[in-house]
Protein chains: 2
Amino acid sequence: MGNKKRTTIKDIANVLNISAAAVSKALHNDSRISKQTKEDVKRVAKELNYQPNHLASALRKGKSNLVGVIVPRTNSNFFSSVIENMEAVLDKAGYNIIITQSKESFKKECKNIDTLLYTQVDGIIASMANETTDLSYYEKIKSKGIPLILFDRGENDLNVDYVGINDYDSSHMIVEHLVKKGCKRIAHIGGYRRTRIFNNRIRGYIDALTKHNLPLDQNLLTESSLTLEDGREMMQKFLQLEQRPDAVYVASDYAALGALQVLNENNINVPEDICLIGFGNEPFTSFVKPTISTVNQHSAEIGKIAAETFLSRINDKNWKPSLNKNILKSELIVRESSDKKI
Amino acid sequence: MGNKKRTTIKDIANVLNISAAAVSKALHNDSRISKQTKEDVKRVAKELNYQPNHLASALRKGKSNLVGVIVPRTNSNFFSSVIENMEAVLDKAGYNIIITQSKESFKKECKNIDTLLYTQVDGIIASMANETTDLSYYEKIKSKGIPLILFDRGENDLNVDYVGINDYDSSHMIVEHLVKKGCKRIAHIGGYRRTRIFNNRIRGYIDALTKHNLPLDQNLLTESSLTLEDGREMMQKFLQLEQRPDAVYVASDYAALGALQVLNENNINVPEDICLIGFGNEPFTSFVKPTISTVNQHSAEIGKIAAETFLSRINDKNWKPSLNKNILKSELIVRESSDKKI
DNA sequence: TAAATTTGCTTAAACGATTAAGCAAATATA
DNA sequence: TATATTTGCTTAATCGTTTAAGCAAATTTA
């Protein structure tokens, strides 16, 4: 049996015989309202269990204090951690967030954008789906004049703020580590080149090989969606080669796990016979046998910076969207799968 | 350079020299608006890139078409899958969802409830944090008169709709399976009894032991938060006992993983020396060595039913909250960790 | 003491959509 | 042909809050 009507500022005003405007101002600690009235208003508000109507104030102020977040999925530790840290920063500034998942589907991503715009969010922080190449929906966000911040999966052409790690350098770091371990045939299970971060990892891989005077063998470079299944499949392909690789650098931990399963099933010693390196530092990389070397993407920092960037944009009266990259240095975590004794 | 002003129905009305009311009706296909006018309105709406203002219509209609979701965390496969399926059902009915995480913190859960109520959601679907015992914030939801649906982590005392599996029966199923495998000293790493589902699992465990004429050894029954670390700690305790268990039933896959790590580190053969069973069917249970037997909680079904329950409540004009449990049958997935040859 | 400023409120108009009520004109019915 | 009904709109109120403008009383300043 819920209360028939919710309490409004009018109800409070009636009790105290003052105007609704005075109540509104009292609740916002306006300097032109007497201390006594403020106390009265707050007391009555509590007594009547008053809850402000967000819709009304947002409509009037043209500001919802809501930030939309779009991620490919929430059940990855990376995205979940990014979101958690974004939330912490935004919460302090009085913003609440709405999380949506694209499930790597372009269509769902578009729907999410529409939903968020419809909900009148004050800005959107997003990591793009793998599928996405058509940027028109993101242009729609820009044309509304609200801040758009991309992280991890970004796109230069949108000319907006971006937070992520240096994928190109990460590949260099990985190849360098493997070369030091004496590896000479380093394979790469990569993502699709059309996604910028995966393209950068591939470019970094190729350039690092060249730098270390290692030939590029096209048989050792594959592109896929980087699911666990993809990892299995690609590793099986490698094992059928006449000249097997002595190291495999996988652009995602999930695919690396699949690759590791195949290696285990074929009784191939890791890292002695083949070194393995993943990407993303998902928790399971330290659960499995052997533990998987991987790259830490600083999810906490990324979330924090993305949120802070949003806040600085929203607070800058005459801000205009422009390409502004905030690139963090990634960190190689060496575990058993690449810690070969030499 | 965003458009200075967004398009409103008034702008459309001005172009066509009709009233804003007519535009509103035309957009909603009111039968009292001529076909010609409807066409004109929709054409101009498209031309001016009109986007309805959700805040205004929600305020006027007293309905936001938003459903709030509270989960302990999103980076678990169970919750992520529940949410995904809820979303699919609600989307078809024209509802959008706002996801929030409590991170198992009572304080954060309260904050989430406040945020959601403030955002004027039409209902809340929630799974409670482990910590939560004070139900006053949930009573607050009820007192607003909006539907509250609980799933997985529920609480009878709230007298609302609940969707989940039968934890008591699941424990019976597990103990029965272990008894069939010849186990005689079955331990249980359980959650805190104050959380209903964990209490039910413990009760089921105890009653099943009795049913199979096995004595209950208090050394073999522990309570914890069921983190990976907890699983390690409890298993270490078991290994120090004079009479070790020959099977361990863990109420969460994460804690089961921790337990497995300790077993592996101590070179104890699983399942030959000790059988292990987890709960939740998290993906990693099939990655690790040996693969972990576990219980499938039917996340997809739970999400679907929770969403459908919400819809039926919102559509029932004279619905009153009442205890209404929807209990699904769980499914035991037997993998290597308990598949002992006998 | 008069003028200027500050204090503490009120009034009324927004924000953008929806909707009850009403009113002509067009069409149907008797 | 007169009356009833339907069609196609308009007007105006409303949702709950914020805020610009204004006004009288109290206080400060000159």
Side-chain angles (χ1 to χ4, degrees), chain A residues 3-42 44-45 48-66 94 117-122 144-145, chain B residues 3-42 44-45 48-66 94 117-122 144-145:
Chain A
N3 312 329
K4 275 277 154 291
K5 289 256 170 277
R6 42 182 311 141
T7 307
T8 70
I9 50 170
K10 255 187 184 165
D11 299 325
I12 301 175
N14 286 340
V15 170
L16 294 169
N17 251 330
I18 56 176
S19 71
V23 173
S24 173
K25 286 174 182 167
L27 289 171
H28 290 91
N29 286 317
D30 189 299
S31 62
R32 299 279 287 272
I33 299 292
S34 72
K35 209 178 154 202
Q36 181 63 57
T37 305
K38 281 178 189 166
E39 276 171 16
D40 291 348
V41 165
K42 284 168 187 173
V44 175
L48 300 184
N49 190 26
Y50 168 74
Q51 300 281 135
N53 186 323
H54 166 249
L55 299 174
S57 74
L59 172 60
R60 176 58 230 251
K61 294 200 290 193
K63 194 164 176 302
S64 66
N65 272 52
L66 253 29
L117 292 180
Y118 177 66
T119 316
Q120 315 288 130
V121 293
D122 292 340
K144 291 273 173 212
Chain B
N3 312 327
K4 275 278 151 291
K5 291 255 169 279
R6 40 183 312 141
T7 306
T8 71
I9 51 169
K10 252 188 185 166
D11 298 325
I12 301 175
N14 286 341
V15 170
L16 295 170
N17 250 332
I18 57 178
S19 70
V23 173
S24 174
K25 287 174 182 166
L27 291 171
H28 290 90
N29 286 318
D30 189 298
S31 63
R32 300 280 285 274
I33 299 291
S34 72
K35 211 180 153 199
Q36 182 62 56
T37 305
K38 281 179 191 167
E39 276 171 16
D40 291 348
V41 165
K42 285 169 186 172
V44 174
L48 299 184
N49 190 28
Y50 168 74
Q51 301 281 136
N53 186 323
H54 166 249
L55 300 174
S57 73
L59 173 60
R60 177 59 229 251
K61 293 200 289 195
K63 194 165 176 300
S64 66
N65 272 55
L66 253 28
L117 292 179
Y118 178 67
T119 316
Q120 314 288 132
V121 293
D122 292 340
K144 291 273 171 210

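Per chain, numbering begins at 1; letters A, B, ... match sequence-line order.
For B/D40 and D/dG8, the CG to P distance is 13 Å, given to the nearest whole Å. Taking atom CD on A/Q36 and atom C1' on C/dT7, their separation rounds to 15 Å, with Å as the unit. If you measure from atom NZ of B/K38 to atom C1' of D/dG8, you get 11 Å, rounded to the nearest angstrom. One can place NZ of B/K61 at 16 Å from P of D/dG16, the figure rounded to the nearest angstrom. What separates CD of B/Q120 from P of D/dC15 is a distance of 14 Å, to the nearest Å. When rounded to the nearest whole Å, the span between CG of B/L16 and P of D/dC9 equals 10 Å. Following rounding to the nearest Å, B/D11 (CG) and C/dG16 (C1') show an atom-to-atom distance of 10 Å. Distance, A/K10 NZ to D/dC15 P: 6 Å, rounded to whole Å.
Taking the side chain of B/A22 as heavy atoms from C-beta on, and the options D/dT17, D/dT10, C/dT10, the nearest nucleotide is D/dT10. For A/A21, whose side chain is taken as the heavy atoms from C-beta onward, the closest listed nucleotide among C/dG16, D/dT10, C/dT11 is C/dT11. Of the candidate nucleotides C/dT10, C/dA17, C/dC15, C/dA17 has the atom lying nearest to any side-chain atom of B/N53. The nucleotide whose nearest atom lies closest to any side-chain atom of A/R60 is, among C/dC15, C/dA17, D/dC9, C/dC15.
For B/S34 and D/dC9, the shortest distance from a side-chain N or O to OP1 or OP2 is below 4.0 Å. The shortest distance between the side-chain N/O atoms of A/H28 and the OP1/OP2 oxygens of D/dT18 is below 4.0 Å. For the OP1/OP2 pair of C/dT10 and a distance below 4.0 Å, the side-chain nitrogens and oxygens of A/S19 include at least one atom meeting the criterion. Under 4.0 angstrom from either OP1 or OP2 of C/dT18 there lies at least one side-chain N or O belonging to B/S24. The side chain of A/T37 contributes an N or O atom lying less than 4.0 Å from OP1 or OP2 of C/dC9. For C/dA17, neither phosphate oxygen OP1 nor OP2 lies less than 4.0 angstrom from any side-chain nitrogen or oxygen of A/Y118.
Put simply, the side chain of B/I33 does not reach to within 4.5 Å of the side chain of B/V41, judged on heavy atoms. Inter-residue side-chain proximity for A/N53 and A/T8 is flagged as unmet; no heavy-atom pair is nearer than 4.5 Å.
To the nearest 0.5 Å, atom OG of residue A/S64 and atom CG of residue A/L55 are 10.0 Å apart.
The shortest non-hydrogen separation linking B/L27 to B/Y50 is CD1-CE2, 3.7 Å. Residue A/A20 comes nearest to A/I9 through the heavy atom pair O-CD1, 3.8 Å, listed as atom of the first residue, atom of the second, then distance. Closest non-hydrogen pair, B/N29 versus B/K42, comes out as OD1-NZ, 2.7 Å.
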Protein and nucleotides 21-25 of chain C: nitrogen or oxygen contacts under 3.5 angstrom:
none

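Nearest-nucleotide assignment on DNA chain D puts the 5′-proximal partner with B/A20, out of A/L55 and B/A20.
Annotation: A/K10, atom NZ; neighbour count of heavy atoms from other residues, nucleotides and ligands within 6.0 Å does not exceed 12.
Side-chain atoms of A/N49 and B/K144 include no donor-acceptor pair closer than 3.5 Å.
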